[in-house]
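In what follows, a structure is listed as structure tokens, so that the remarks can point back to it.
Every value quoted in this text rests on a predicted model; they were computed, and no experiment measured them. Counting starts at 1 for both ligands and their atoms, following the listed order.
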Amino acid sequence: MGKEIDIKVKAKYASKMGKGFPLIAKESISNLHDLQEEGSLVRLVDENKRFLAKGYYGKQNKGYGWVLTKSENEKIDQPFFSGKIRAAVEFRNPYFQDPETTAFRVFNGEGDGIGGLIIDHYDGHYVISWYSKGIYSFKEYIIKALQDTVEVKSIYQKKRFDTKGQYVEEDDFVMGEQPEFPLLVKENGVQFAVYLNDGAMVGVFLDQRDVRRKIRDDYAKGKTVLNMFSYTGAFSVFAALGGAIKTTSVDLANRSLPKTIEQFSVNGIDPKTQNIVVMDVFKYFKYAVKKELKFDMVILDPPSFAKSKKFTFSAGKDYTNLLKDTIAITEDEGVIIASTNCSTFDMKKFKSFIEAAFRESNGKYEIIEQFSLPADFKTSPEYKEGNYLKVVFIRKIKG
Ligand code: SAH
């Protein structure tokens with residue numbers, strides 16, 4: 001690590017950064033040209049050269065780096081990284097103790113004090129996601145900190161910082177004893193087959209854990225369930241285990257079929273008793289209307305942005321229409337579970353999409369549950385955008 005560089009924060013942003021805002025946003029810096037090598041440590045100062053915070057330079061889609069400490073004399077060295085990892089692991093102690101849940105997040109970026117770094121735990125195997133070259137330059141400290149703190153069976157990594165901010169396809173294995181894949185992990189007693197070495201996504205999105213449990217324990221029994229954008233069918237598996245009469249999983253990707261069959265199978269459910277459809281959801285809506293299909297529960301979990309052959313879906317623009325299509329095939333008194341991981345709008349705005357969809361459908365509704373990130377996805381109170389997940393359970397009321 002070289003010399004620390006002084007980075008000037010524009011007046012408009014200085015007080016926010018002084019109070020703990022962790023992101024070094026591009027527009028907040030007046031001497032961007034002084035940022036040269038990713039991984040450099042930077043001293044953030046205001047226009048009168050007063051110290052605000054210390055951080056690192058690392059380019060990712062969100063900004064130019066992250067604050068690491070607000071104390072001027074704190075060194076960014078091995079003890080710094082070890083301290084952060086130790087605190088993060090201690091915070092997840094209840095998860096480490098729970099034999100029924102062996103997959104969870106151990107380190108959640110700025111929520112745990114180091115933006116751009118994510119570490120997930122899968123039954124003793126760890127996956128580190130690096131969101132910039134800058135954070136990747138601290139790799140040795142971070143891996144040592146992890147190994148010194150927990151028992152590590154193996155480590156995999158996802159580099160998410162090529163020129164387009166996308167995942168870089170390469171061998172993800174870093175060290176340790178490689179497990180056989182699929183690796184079976186548990187979540188509230190349910191099995192997941194995961195692949196730590198197979199691209200950007202391992203097979204499960206851990207942030208929906210509380211939602212899946214709620215569906216299984218309180219909503220699925222005796223219901224017909226449609227799971228849209230189903231990926232590996234995680235919601236369908238929980239619904240089936242909760243006593244759903246039948247689940248239908250719809251996803252455009254060919255891989256979703258074998259993956260969903262696998263998730264049912266590892267939980268002792270015969271996949272033939274369920275319906276797994278590889279299709280564009282927008283086509284499925286039309287199909288369902290034509291066949292007069294209706295469901296007691298519809299789960300919507302689209303990506304923030306997706307391109308298919310005929311449509312481009314953007315959560316910020318198209319969620320209302322997605323809900324209108326859904327309302328049309330939901331039974332009266334049925335439940336719609338609307339989810340989004342889009343960080344460009346908040347819960348209030350999301351609810352305005354729900355309101356608009358029912359108004360335009362001449363329907364009535366009631367919000368009966370809502371969720372954001374689970375406790376292991378620790379967020380920073382100064383960085384609200386980090387709390388991206390919004391899930392609303394909506395009852396369609398007979399009008
Ligand atoms: N609900 C899933 C995660 C969804 S990830 C879970 O709980 O695990 C988003 C999924 O949407 C991807 O699997 C992608 O293939 C699918 N997808 C994107 N656009 C689609 C479309 N138009 N129709 C159907 N599936 C789509």
Check the pair Trp66, Tyr131 against ring pair (Phe, Tyr, Trp, His ring centres under 6.0 Å), reporting the backbone distance first and the verdict last. CA-CA 11 Å; Trp66 296 92; Tyr131 281 85; 9.5 Å; no
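- Here the heavy atom of the protein found nearest to atom 23 (N) of ligand 1 is Val281 N, 2.9 Å.
- Heavy-atom proximity to Ser230, at under 4.0 Å, picks out these atoms of ligand 1: 2 (C).
- Ligand-side atoms of ligand 1 in range of Phe205: 3 (C), 5 (S), 8 (O), range being under 4.0 angstrom from any heavy atom.
- One finds a salt bridge joining Arg92 and Asp112 here, because a Lys/Arg side-chain nitrogen approaches an Asp/Glu carboxylate oxygen to under 4.0 Å.
- Nearest to atom 12 (C) of ligand 1 among the protein's heavy atoms is Asp251 OD2, 3.4 Å.
- Below 30°, between 30° and 60°, or above 60°: for Phe353 and Phe350 the angle between ring planes is above 60°, a perpendicular geometry.
- Ile261 and Ile276 make their closest contact through CG1-CD1, 3.8 Å (heavy atoms, listed as atom of the first residue, atom of the second, distance).
- Applying the 4.0 Å criterion to heavy atoms of Tyr231 picks out, from ligand 1, the atoms 2 (C), 3 (C), 4 (C), 8 (O), 13 (O).
- If you look at Tyr287 and Tyr284, their ring centroids are closer than 6.0 Å.
- The shell of residues lying under 4.0 angstrom from ligand 1, judged by heavy atoms, excludes Phe313.
- Listed by atom number, the atoms of ligand 1 under 4.0 Å from Met279 heavy atoms are 23 (N), 24 (C).
- Using a 4.0 Å cut-off between heavy atoms, Phe235 contacts ligand 1 through its side chain alone, with no backbone atom that close.
- Under a 4.0 Å criterion applied to the non-hydrogen atoms of Pro303, ligand 1 contributes the atoms 9 (C), 11 (O), 18 (C).
- For a threshold of 3.5 Å applied to N or O pairs, the pair formed by Leu252 and ligand 1 contains at least one separation below that value.
- The proximity of Met228 to ligand 1, defined as any non-hydrogen pair under 4.0 Å, does not occur for either the backbone or the side chain.
- By the 30° and 60° cut-offs, the orientation of the rings of Phe138 relative to Phe81 is tilted.
- In this structure, Arg255 has a heavy atom closer than 4.0 Å to ligand 1.
- In this structure, Thr232 does not count as a contact residue of ligand 1, since none of its heavy atoms falls inside 4.0 Å of the ligand.
- Among protein heavy atoms, the minimum distance from atom 26 (C) of ligand 1 is reached at Phe229 CD2, 3.5 Å.
- Heavy-atom proximity to Asp280, at under 4.0 Å, picks out these atoms of ligand 1: 21 (C), 22 (N), 23 (N).
- Taking the six-membered ring where the residue is Trp, Tyr136 and Phe161 present tilted rings, their angle falling between 30° and 60°.
- Residues Asn93 and Gln97 have side chains that bring a donor and an acceptor to within less than 3.5 angstrom of each other.
- Set against the non-hydrogen atoms of Ala306, the atoms of ligand 1 under 4.0 Å away are 18 (C), 19 (N).
- There is a side-chain donor-acceptor pair under 3.5 Å between Gln274 and Thr247.
- The aromatic rings of Phe205 and Tyr231 are tilted relative to each other, their planes meeting at an angle between 30° and 60°.
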